[in-house]
Q: 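Pasting a structure here, questions to come.
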Amino acid sequence: MNTTRTSRSPGPPQRRLRRRGRFLLIAVGLATALLISACDTAEQVPWDTYSTGLQDSIDSATATSNCAGLQALLTAAKNTSHAHEKATGFPNDALVSYIQAAQARAGCPVGSG
C-alpha cells in the first residue's frame with residue numbers, strides 16, 4: 001500500500017515570494033523611518049523666519065490628526081519655498097520635512113504630501 005505524503009511546507013516558489021515580501025516590508029519600513037527622522041525635529045527648522053504661531057499650528061494639527069490641515073500647510077510650504085529662500089536665505093526644506101513627519105505621526109495616509 002503506497003501512500004503519498006504531502007509536504008506541509010510551501011514549495012520553493014512560495015518560499016521565495018514570502019522571503020521577497022518580508023524583505024520589501026523591511027526595506028519600506030527602514031526607508032520610512034529614515035525619511036521621518038531625516039529632518040523631523042523642531043530644532044532643525046529656522047522658526048524665526050516664519051510667521052509666529054506656525055509651529056503651534058502644525059503641532060495642533062498633528063495632535064488632532066487633522067490631515068487636511070497638515071496637507072494645506074505642506075502645500076503652502078512647498079509653494080512658497082523659493083520666495084522664502086529669496087527673502088531669508090533659507091528654503092522651506094526643513095519645514096517641509098517637519099510637516100511630512102507630522103503627517104506620519106498623525107497617521108495621515110502615505111503619499112498625502
Q: Could you walk me through whether Leu73 and Leu54 satisfy the side chain to side chain contact (heavy atoms under 4.5 Å, CB included) test, starting with their C-alpha distance in whole Å, then the side-chain angles of each, then the deciding distance to 0.1 Å, before giving a yes or no?
A: CA-CA 9 Å; Leu73 290 165; Leu54 178 60; 4.0 Å; yes
Q: Check for a donor-acceptor pair, side chain of Asn92 on one end and backbone N or O of Lys78 on the other, with a separation under 3.5 Å.
A: no
Q: If you compare all heavy atoms of Ser65 against all heavy atoms of Ala106, which two are closest, and at what distance to 0.1 Å?
A: OG-O, 3.2 Å
Q: Any side-chain heavy atom of Asp59 sitting closer than 4.5 Å to one from Ser57?
A: no
Q: So, the side chain of His84 versus the backbone of Thr49: is there a donor-acceptor pair under 3.5 Å, distance only?
A: yes
Q: When rounded to the nearest 0.5 angstrom, what distance separates OG1 in Thr62 from CD in Gln55?
A: 10.0 Å
Q: Other residues, nucleotides and ligands only: do more than 12 of their heavy atoms fall within 6.0 Å of CZ on Phe90?
A: no
Q: So which atom in Gln44 and which in Ala94 form the shortest heavy-atom distance, rounded to 0.1 Å?
A: O-CB, 3.4 Å
Q: If you round to the nearest 0.5 Å, how far is OG of Ser97 from CG of Leu74?
A: 9.5 Å
Q: Fit a plane to each ring of Tyr98 and Trp47, take the angle between them on a 0 to 90° scale, and name the class: parallel (under 30°), tilted (30 to 60°) or perpendicular (over 60°).
A: perpendicular
Q: Mind checking the OG1-CG spacing from Thr64 to Leu70? Nearest 0.5 Å is all I need.
A: 7.5 Å
Q: Within the 4.5 Å heavy-atom criterion, are Leu95 and Ile58 side-chain neighbours or not?
A: yes
